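Accompanying notes for the structure given below.
Computation of the quantities below employed the complete heavy-atom set of this structure, encompassing side-chain atoms and omitting hydrogens, waters and symmetry-equivalent molecules. So that the names make sense, note that chain A is the first sequence line, chain B the second, and so on, each numbered from 1. What you see is a predicted model, and the numbers here were worked out from it, not measured in a lab.
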Amino acid sequence: MNSIAVTAEGVGDSSAVGNREALDIHDHADVSGYETIGWPFVDDPKMSARNVNVYYGDKQAIHNVSLDIGKNEVIAMIGPSGCGKSTFLRTFNRMNDIIPGCRMEGNIHLDQEDVYHGGQDTVMLRARVGMVFQKPNPFPKSIYENVAYGARIHGLAHTKADLDEIVEKSLRRASLFEEVKDLLDQPGTGLSGGQQQRLCIARAIAVSPEVILMDEPCSALDPIATARIEELIDELKERYTIAIVTHSMQQAARVSQRTAYFHLGKLIEVGPTKQVFTMPRHELTENYITGRFG
Amino acid sequence: MSNQDSYKNTEVIQASLKKRYAREKRFQWYGRLAVLTGFAFLFILLFDIVSKGYPAFTQQYIQLSVDFDADRLGVEPGASSEALYQADYLGVVKASLRQMFPEASGRQEKRQLYRLISIGAEYQLRDYVIDNPQVIGKTQDIWLMAHSEAGAYLKGQVTREIPETDRRVKDTQMQWLDSLAQQGRTESRFNTLFFSTGDSREPELAGIKAALYGSFFTLLVTFLLAFPIGVFAAVYLEEFAPRNRLTDLIEININNLAAVPSIVFGLLGLAVFINFFELPRSAPLVGGIVLSLMTLPTIIITSRAAIQSVSPSIRQAALGVGASPLQTVFHHVLPVAMPGILTGSIIGMAQALGESAPLLMIGMVAFIMDVPGGVTDPATVLPVQIFLWADSPERGFMEKTSAAIMVLMGFLIVMNALAIYLRKRFELK
Amino acid sequence: MQTSTVFLVLIALTFVSFIAGRKRSHKVAMAMGEGGMSLLHSLPKHYGYMAGLWAALPALLLLVLWVGFEPRVIHKLVVEELPVAVQQLPHSELGLYYNQIVSYASGSSDADLLDQAQVSAADHYLELKSTSGVMKALLVALVAVIGGVLAVQRVTPALRARNHVESICKWILFACSFIAVLITLGIVLSVLFEALRFFQTIPLTDFLFGLQWSPQMAIRIDQVAASGSFGFVPLLVGTLLISMVAMVIAVPVGLMSAIYLSEYASRRFRAVTKPVLEILAGVPTVVYGFFAALTVAPFIRNLGESLGLTVASESALAAGIVMGIMIIPFVMSLSDDIINAVPDTMREASLGMGATMNETIRKVLIPAALPGIVGGILLAVSRAIGETMIVVMAAGLSAKLTANPLEAVTTITVQIVTLLVGDQEFDSPKTLAAFALGLVLFFVTLLLNVVALYVVRKYREQYE
């Protein structure tokens with residue numbers, strides 16, 4: 001089994017990548033005797049993770065997880081807090097690289113391309129795999145500048161008209177345009193929580209990513225704002241592949257086609273959402289679904 | 001369609017990557033350069049001081065065979081100490097120089113000859129003769145302090161390459177010094193005088209003892225005032241102050257005082273302590289008071305931080321067994337916070353030790369030869385001594401200035417190291 | 001009597017009162033019969049503390065006031081006894097005359113310098129001094145004894161001695177913190193008072209808008225020298241010029257170092273580098289002054305000459321550069337704090353979109369931190385304006401209205417020092433001008449600090 005170990009370093013520091021070493025999962029005693037139940041693999045994956053282990057210093061956060069994300073599907077990752085679902089999500093666009101002391105083993109592919117391969121750079125990767133965070137985090141700039149940011153840094157627009165078009169299109173796709181079209185020069189931080197989160201989604205899709213990673217995007221929002229985001233996710237899956245981490249089982253049931261259940265850094269069970277929620281096959285999954293712990 | 005967008009974007013981004021990574025590299029280099037610049041400044045500063053200052057720790061001596069001729073000294077053999085005290089030692093030194101270098105003729109040349117030896121030699125001989133009156137009438141080889149200019153030549157700081165008009169050591173003097181060196185009559189010793197005398201008009205006789213004592217007395221006053229007042233004020237503000245306008249006023253004042261230029265404290269000292277209360281000028285007492293006003297904000301702010309960091313459970317435990325708030329603070333909170341308070345106080349004292357501007361205002365710039373014996377004697381402090389010497393044109397003083405700076409920095413390093421040590425121990429708990 | 005002796009006596013009396021208070025509490029408790037001790041409200045030592053404090057505090061206050069005002073009162077009394085002709089001398093000459101009396105009386109000068117009136121005045125001085133010493137000792141002891149006795153007499157089992165002592169202690173603590181207010185008040189009053197006297201001779205407008213600064217005044221009346229001009233503008237320009245040079249050095253180096261150390265450098269590199277750079281902040285300013293005057297200034301002049309430029313040997317550039325070096329760590333640690341206050345979610349958002357670190361820093365972090373950075377720079381400017389020793393040693397003395405950093409300029413602080421160092425008559429406009437400058441300096445730095453602290457606080461609140 002070949003794999004790549006990556007030491008977390010400054011972003012864009014490609015020299016840190018490519019330190020190849022053999023992976024021996026049997027070194028980790030607690031991994032033995034655990035096997036993911038269900039169907040982690042799909043026929044035509046957009047992204048795929050194989051034998052992923054993540055460490056924070058000496059502590060192992062993810063144990064030998066393999067999982068595919070299918071094209072234009074919404075996959076939900078659920079599990080009790082501290083189960084590693086966010087950490088796992090962040091491996092897909094290498095956001096763990098910026099955490100000092102964080103180390104990853106295994107491989108992740110985006111369209112058959114090795115994400116942790118030496119030649120792959122994070123700038124490109126993250127432009128293709130966007131991310132929406134737990135807390136709405138608009139920049140302290142105008143709404144327009146927030147959305148235009150990605151296009152500006154990546155040089156995607158050559159004229160002001162191009163940029164205007166990108167901003168408008170992204171805000172429309174994030175179903176925010178009608179609400180803010182007269183406020184484009186107002187600071188993004190002045191919007192309500194739900195609007196801010198949609199602004200962050202608009203910002204993410206402005207660079208036309210192929211995959212959007214959402215890390216508990218509704219945890220800081222009220223139920224009405226949450227419902228709007230969920231609707232939005234449903235619309236977005238037409239164009240984008242979405243992986244969403246959530247602690248709300250209802251949300252996972254509402255928005256996703258497939259669901260992966262994590263427990264203490266291990267991927268316990270994966271399957272079509274309906275099946276995981278109605279007929280969980282693993283005891284831990286069942287306990288979680290039925291609310292015995294959470 | 002999004003996938004087409006993505007594909008197009010991928011190409012655009014791919015094309016721009018090289019440039020962006022180059023910019024990233026460049027930016028990192030700016031950062032490294034900035035850090036390096038800081039390092040370079042520090043290194044140049046320290047190197048400059050040390051390279052200028054280290055020769056001051058040695059003093060050149062010249063051995064003369066001195067003829068203690070009673071007539072020339074103007075004393076009878078067996079004369080009393082008082083008579084010996086008045087004797088003409090300068091004449092004896094001059095005579096032995098003339099004897100060693102009979103070729104020196106004419107007033108000009110003779111004066112140059114006499115300038116080989118420090119005028120301090122006179123006192124050196126006087127003390128020697130008073131201790132050993134039996135030498136009168138005999139000739140003896142004696143090591144005498146070299147004049148600072150001659151010393152500079154012997155140390156190799158002045159060379160023949162410099163045009164004669166640009167240096168104070170003339171060619172003839174260099175020849176004499178060379179011949180003395182050949183006869184083994186020159187010697188370099190550790191300069192103990194630098195640590196054991198006060199200021200002097202002659203570089204080779206000037207020392208920092210008076211300034212060190214002045215600094216000591218000044219800091220003593222500063223500490224005795226600023227430490228208790230600062231700690232008490234911090235205790236009040238952290239533990240007892242009610243939330244009201246007066247407390248706000250006090251806090252605003254403390255924060256602003258921390259940023260008031262030090263020279264303004266000097267003006268305060270001049271107007272209030274010297275002119276209004278008519279306390280003595282140039283005294284460590286007033287200097288200490290002024291510096292304590294200046295260090296007070298530092299001590300209050302750091303002490304408050306230290307008191308704040310004491311866990312509330314200690315307070316609750318003490319209050320729970322019936323201790324009054326005051327007892328809680330003085331028996332339980334302060335002992336725990338003490339290392340932090342001491343750290344802050346030492347840093348405050350280090351600032352006070354290096355401070356000179358406000359002391360200029362209250363007259364601590366006097367020329368002080370005598371070591372002060374108390375807080376009301378005229379005194380100067382080490383940084384002000386540095387300031388005074390830095391103004392002197394003689395190259396000997398430049399050396400002394402740098403050496404005094406080295407001593408001052410040595411004290412500061414020790415104080416800061418102590419503070420860091422205390423903080424480390426505090427953090428471990 | 002020596003103040004230190006009186007002080008020792010006071011300590012002894014305090015101790016006696018402590019013992020007496022404690023004893024008395026025992027006695028009254030015993031008088032209550034069996035178990036009387038438990039009827040005492042406080043522990044015996046608290047009654048002792050109370051008596052001790054009552055003995056010490058009023059007497060100590062008296063002693064401090066006495067010592068503070070004694071020279072002033074004696075001065076007044078001695079001068080009143082002087083011949084009328086002498087009393088009518090100008091203030092400064094009278095001061096000199098009086099100083100001679102004092103130095104003769106304290107045995108540090110010979111009688112042959114003095115006239116007859118001075119010798120007798122010296123006797124009078126010594127007499128007053130010894131009377132004052134005796135009275136001081138007696139009064140302090142009396143107050144201490146009265147305080148102690150009163151406190152001891154009040155001791156009854158019901159007396160809440162502990163609360164009493166604690167409330168006194170709290171008042172002492174309060175007094176200590178109130179000193180901060182008194183210091184500010186002292187600064188404002190002393191500087192303002194002298195400055196107002198200055199503005200009585202020199203109109204405020206001349207001072208604020210005058211373009212000429214040459215405070216040399218005629219020392220004797222027959223000298224032709226002009227009455228001196230006190231235009232503040234050249235000093236302000238000089239101060240700002242040097243401060244600007246300092247900022248040009250300190251801001252880029254400090255800011256970039258902070259950015260590099262907080263965003264790029266490894267933890268180990270940071271742990272070593274930061275303290276080393278902070279040494280620059282601990283170097284005494286007099287050392288910087290020496291470095292500026294003897295190393296940097298000649299270097300710059302030689303460099304300029306080799307380029308065919310005329311550089312003054314006390315150029316603003318040299319002083320400014322060295323001041324900039326001094327301020328680097330200050331800017332660095334302020335920027336560090338401020339950049340770290342930008343929430344990590346901002347970094348993640350930007351990096352998560354594929355921005356490189358420098359794009360994140362330049363386009364997100366710095367704009368977000370800008371108010372804080374501006375506040376920090378204002379604090380640094382206020383530092384530079386108030387810095388004294390570097391400019392005293394390395395900047396010029398003559399006030400020149402120029403914006404050329406290669407020329408020598410002078411600053412507010414340099415002028416304060418030159419006007420006040422050395423033997424000065426205290427009443428001439430020349431000396432008073434220093435206080436006017438001090439007033440300006442105080443308020444300018446105060447204003448800068450208040451604005452800067454306000455900006456920084458607002459900035460921090462934004463992210464809390």
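Rounding to the nearest 0.5 Å gives a distance of 7.0 Å between CG of A:D121 and CD of B:Q14. How far OG1 of B:T10 is from CE of A:M124: 5.0 Å, rounded to the nearest 0.5 Å.
B:F43 CZ: 12 or fewer foreign heavy atoms inside a 6.0 Å radius. More than 12 heavy atoms of other residues, nucleotides or ligands lie within 6.0 Å of CG in B:N244, so this atom counts as buried by the packing criterion. Within 6.0 Å of the CZ atom in B:F39, the count of heavy atoms belonging to other residues, nucleotides or ligands exceeds 12. The local environment of OH in B:Y54 is sparse, with at most 12 non-hydrogen atoms from other residues, nucleotides or ligands closer than 6.0 Å.
Nearest heavy-atom pair across A:V123 and B:Y21 is CG2-OH, 3.4 Å.
Taking 4.5 Å as the limit, some side-chain heavy atom of A:L156 sits within range of a side-chain heavy atom of B:I13. Under the 4.5 Å side-chain criterion, counting only non-hydrogen atoms from C-beta, B:V12 is not in contact with A:H154.
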